[in-house]
Engineer: 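Below: one structure in structure tokens.
Note that ligands are numbered from 1 as they come in the structure, with each ligand's atoms numbered from 1 the same way.
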Amino acid sequence: MTMRVAIISAEAVPYSKTGGLGDVAGALPKALKAVGVDPLLITPCYWQTKGEYLWNIAIDDLWVTWKGRPYHAKAFYSEANGSPTFLIDAPSIFHRDSIYGYTEDYERFAFLSHAALALLRRIGGAPDIVHLNDWHTGFAAVELASRRHGEDYWRRTRTVFSIHNMAYQGGFGIGQLPELGFTSQFARNAFSFNGYASAMKAGLEVSDTLSTVSKRYSQEIQTGEFGYGLDWLTRKRADRLIGITNGVDYEVWNPAADPELPAHFSADDLVGKTDCKKALLEQFKLPVDLDKPVFAIVTRLTVQKGVELIRQCAGDILALGAYFIALGSGEGESERFLQALRDYAPSQVGVYVGYNEKLAHLIEAGADMFLMPSKFEPCGLNQMYSLRYGTVPIVRAVGGLDDTVQNWDAVTQTGNGFKFGPYRADKLIEKIYEAGFAYADKAAWRKIQRNGMSVDNSWENAARNYVDLYEWTLRN
Ligand code: ADP
Ligand code: GLC
């Protein structure tokens, strides 16, 4: 019988996106469908969600018990991500200037969990698996674990909880639990963490099985350095925790057909990449010297992404005579740093502060090197996009970066990028110089690019691994 999997996520492409979670939640259901699973995605309808993606109102009276009262929500239906999706419409809760960043976010996503389960109940036929993602969905893990005992409807449903980022845990006052609909001692114990309530901790504790978005990260979060206070719990549940590296949606990220690009290219014919480089330099009003390498970043500007190391090595990139192009938004200090760098060297530096999907594609295509010196990186998608676009990643050996990038070895001609270990600027600078050196040797550079472009990070593999995880979860 076909396995039915409901995936709940706070963001999903193309409906909403702030980072990789959106990419993953949007693409995984389609990939699951392709390997024979019957998937259903449930995600909020934000003010930012484009109307063209809301195909029709599937349910116009979705009643959710919220703060002790009935709340009247709706659900839109769409398949804009290539598989069945319900979008929870609750404007007073989800319509904000940005998707996250409010003190009451924990309430907003507690609501998502309640609404998602109300929706699943309403449409009938309980799923075999409810696949939860990050702290936003920890509430659903607790609710399902409690209901399973009392309600026949949920008795056979099992939960898988995927950790995309341990650094965000959805903390709030434990006194808020009853208002959110969690009154039992079981729930209190599940959420309780160091005198607070933590939705991440609850998800980790009560879900049937756990996964992370790379193998390396599944080990890292069992250590004090990466566990953010919850490493004791991931160690305790290590026998139920596995790592599955995210895939790349090659329908969206394919240099041979990407509609966002002025020219196309592939591993066999890289001419179009030069046209993209030219277009990229022109877009940033930089002088077009195609011999100089372009180093680039596309990122949330947060501590996680190693912006501190980038700040420390920016001068060395300029000293190489190279270009540096940055697309990012986040911490004000980093945004100001980038703007000041551009003002200092306007003929070498291009900066776009903000979020820009189209530009992200052009940078992936037009740059020569992509920097990701992350402090921690559960998986990371941009290094995988870079590989496919012939843009050589320079990464720190951490999390998914370590699993997906192999250091170039000039003797054996193997490797697809440059990788350093310790979180130190001098180590990154060494790799920047090594990359600059390799770039000057055209044959070597083509080889590194081709090695990267031929890597298969498609969702198909990842989807099969999820199917194994679901089956394992149902057996146990
Ligand atoms: P994270 O989810 O931690 O931010 P990932 O590498 O998994 O990191 O995913 C980041 C995703 O967000 C990528 O698809 C990347 O292209 C996109 N992205 C990040 N910052 C921007 C930006 N300023 N403009 C456009 N896309 C961005
Ligand atoms: C998180 C992580 C990132 C990962 C993404 C998707 O945002 O920071 O490393 O790729 O989730 O799983």
Engineer: Do Lys292 and Tyr323 form a cation-pi contact, if we require the NZ or CZ to be under 6.0 Å from the six-membered ring centre and within 45 degrees of the ring's axis?
Structural biologist: yes
Engineer: Tell me the protein heavy atom at minimum distance from atom 1 (P) of ligand 1, and give that distance in Å.
Structural biologist: Lys305 NZ, 3.4 Å
Engineer: Where on Leu21 is there a heavy atom closer than 4.0 Å to ligand 2, on the side chain, on the backbone, on both, or on neither?
Structural biologist: backbone
Engineer: Using a strict threshold of under 4.0 Å (side-chain N to carboxylate O), is an ion pair present between Asp231 and Arg235?
Structural biologist: yes
Engineer: Does the residue Gly400 have a heavy-atom contact with ligand 2, meaning some pair of atoms that are separated by less than 4.0 Å?
Structural biologist: no
Engineer: Suppose I only count heavy atoms of Gly20 and a 4.0 Å limit; which atoms of ligand 2 are within that range?
Structural biologist: 5 (C), 6 (C)
Engineer: Provide, to 0.1 Å, the distance between atom 23 (N) of ligand 1 and the closest protein heavy atom, together with that atom's residue and name.
Structural biologist: Gly354 O, 2.8 Å
Engineer: Please indicate whether any nitrogen or oxygen in Gly380 is less than 3.5 Å from any nitrogen or oxygen in ligand 2.
Structural biologist: yes
Engineer: Are Tyr389 and Asp258 linked by a side-chain donor-acceptor pair shorter than 3.5 Å?
Structural biologist: yes
Engineer: Identify, by atom number and element, the atoms of ligand 2 in contact range of Val24, meaning under 4.0 Å from any of its heavy atoms.
Structural biologist: 6 (C), 12 (O)
Engineer: Of all the atoms in ligand 1, which lie at a distance below 4.0 Å from a heavy atom belonging to Asp23?
Structural biologist: 11 (C), 13 (C), 14 (O)
Engineer: Just to confirm my output: which protein heavy-atom neighbour is closest to atom 24 (N) of ligand 1, and how far is it?
Structural biologist: Asn356 N, 3.0 Å
Engineer: Go through ligand 2 atom by atom and flag the ones less than 4.0 Å from a non-hydrogen atom of Val213.
Structural biologist: 12 (O)
Engineer: Note the single closest protein heavy atom to atom 1 (C) of ligand 2, along with its residue, its atom name and the distance in Å.
Structural biologist: His164 O, 3.1 Å
Engineer: So, are Arg216 and Glu377 salt-bridged, with charged N and O less than 4.0 Å apart?
Structural biologist: no
Engineer: Please list, in number order, the atoms of ligand 2 under 4.0 Å from a heavy atom of Gln304.
Structural biologist: 8 (O)
Engineer: May I ask whether Glu364 places a heavy atom under 4.0 Å from ligand 1?
Structural biologist: no
Engineer: Does any donor atom in the side chain of Thr159 or Asp208 lie under 3.5 Å from an acceptor atom in the other side chain?
Structural biologist: yes
Engineer: For Gln383, which part has a heavy atom under 4.0 Å from ligand 1: side chain, backbone, both, or neither?
Structural biologist: neither
Engineer: Side chain, backbone, both or neither: which part of Asp23 comes within less than 4.0 Å of ligand 2 when only heavy atoms are counted?
Structural biologist: neither
Engineer: Establish, from distance only, whether the side-chain atoms of Gln383 and Tyr385 form a donor-acceptor pair under 3.5 Å.
Structural biologist: no
Engineer: Give a yes-or-no answer on whether the side chains of Asn133 and Thr137 include a donor-acceptor pair shorter than 3.5 Å.
Structural biologist: no
Engineer: Are Tyr46 and Phe94 close enough, and set up right, to give a ring-ring contact (aromatic ring centres under 6.0 Å, His included), and what steps lead you there?
Structural biologist: CA-CA 5 Å; Tyr46 294 102; Phe94 293 125; 5.8 Å; yes
Engineer: Salt bridge or not between Glu104 and Arg96? Use side-chain N to carboxylate O under 4.0 Å.
Structural biologist: yes
Engineer: Students should be able to answer this: which protein heavy-atom is nearest to atom 5 (P) of ligand 1, and at what distance?
Structural biologist: Leu381 N, 3.6 Å
Engineer: Would one find an N or O of Glu357, backbone or side chain, under 3.5 Å from an N or O of ligand 1?
Structural biologist: no
Engineer: For atom 12 (O) of ligand 1, what's the nearest protein heavy atom and its distance?
Structural biologist: Lys17 CE, 3.5 Å
Engineer: Suppose we measure from atom 9 (O) of ligand 2 to each protein heavy atom; which comes out shortest, and what is that distance?
Structural biologist: Glu377 OE2, 2.5 Å
Engineer: Quick test of your reading of the model: are Lys201 and Glu205 salt-bridged, counting only N-O distances below 4.0 Å?
Structural biologist: yes
Engineer: In terms of side-chain geometry, is the basic nitrogen of Glu434 or Lys431 positioned less than 4.0 Å from the acidic oxygen of its partner?
Structural biologist: yes
Engineer: I'd like to check which ligand 1 atoms, numbered from 1 as shown, lie under 4.0 Å from a non-hydrogen atom of Gly328.
Structural biologist: 23 (N)
Engineer: Evaluating non-hydrogen atoms only, which member of Ala360, Gly20, Ser329 is closest to atom 9 (O) of ligand 1?
Structural biologist: Gly20
Engineer: Taking only Lys NZ, Arg NE, NH1 and NH2, and the carboxylate oxygens of Asp or Glu, determine whether Glu364 and Arg388 approach each other closer than 4.0 Å.
Structural biologist: no
Engineer: Tell me: protein heavy atom nearest atom 22 (C) of ligand 1, and distance?
Structural biologist: Tyr355 CD1, 3.5 Å
Engineer: At a 4.0 Å cut-off, with the gap strictly under it, does some heavy atom of Cys379 reach an atom of ligand 1?
Structural biologist: no
Engineer: Say whether Pro378 and ligand 1 are in contact under the criterion: heavy-atom distance to a ligand atom below 4.0 Å.
Structural biologist: no
Engineer: With Tyr106, which of Phe191, Tyr100, Trp135, Phe172 fulfils ring pair (Phe, Tyr, Trp, His ring centres under 6.0 Å)?
Structural biologist: Phe172
Engineer: Which label fits Trp445 and Phe418: parallel for a plane angle under 30°, tilted from 30 to 60°, or perpendicular past 60°?
Structural biologist: parallel
Engineer: Got a donor-acceptor contact below 3.5 angstrom from the Gln449 side chain to the Gly390 backbone?
Structural biologist: yes
Engineer: Just need the protein heavy atom nearest to atom 4 (O) of ligand 1, so name the residue and atom and give the distance.
Structural biologist: Arg300 NE, 2.7 Å
Engineer: Between Trp253 and His361, what is the ring plane arrangement, given parallel below 30°, perpendicular above 60°, and tilted in between?
Structural biologist: parallel
Engineer: Answer yes when Asp128 and Arg4 have at least one side-chain N-carboxylate O distance shorter than 4.0 Å, and no when they do not.
Structural biologist: no
Engineer: For ligand 2, which atoms, with element, lie under 4.0 Å from some heavy atom of Asn165?
Structural biologist: 8 (O)
Engineer: Report yes if Asn246 has an N/O atom closer than 3.5 Å to an N/O atom of ligand 2; otherwise report no.
Structural biologist: yes
Engineer: For the residue pair Lys273 and Thr391, confirm or rule out a side-chain donor-acceptor distance under 3.5 Å.
Structural biologist: yes
Engineer: Would you say ligand 2 has an N or O under 3.5 Å from any N or O of Cys379?
Structural biologist: yes
Engineer: Closer than 4.0 Å to some heavy atom of Gln304 - which atoms of ligand 1 meet that?
Structural biologist: 3 (O)
Engineer: Between Arg396 and Tyr423, is NZ or CZ placed under 6.0 angstrom from the six-membered ring centre and within 45° of the ring axis?
Structural biologist: no
Engineer: With heavy atoms of Pro378 as the reference, note each atom of ligand 2 found under 4.0 Å away.
Structural biologist: 2 (C), 8 (O), 9 (O)
Engineer: Looking only at protein heavy atoms, which one is nearest to atom 15 (C) of ligand 1, and what is the separation?
Structural biologist: Asn382 OD1, 3.1 Å
Engineer: Please work out, at 4.0 Å between heavy atoms, whether the side chain, the backbone, both, or neither of Thr299 comes within that distance of ligand 1.
Structural biologist: backbone
Engineer: Please work out whether any backbone atom (N, CA, C, O) or any side-chain heavy atom from C-beta onward of Tyr385 is under 4.0 Å from ligand 1, and answer side chain, backbone, both or neither.
Structural biologist: side chain
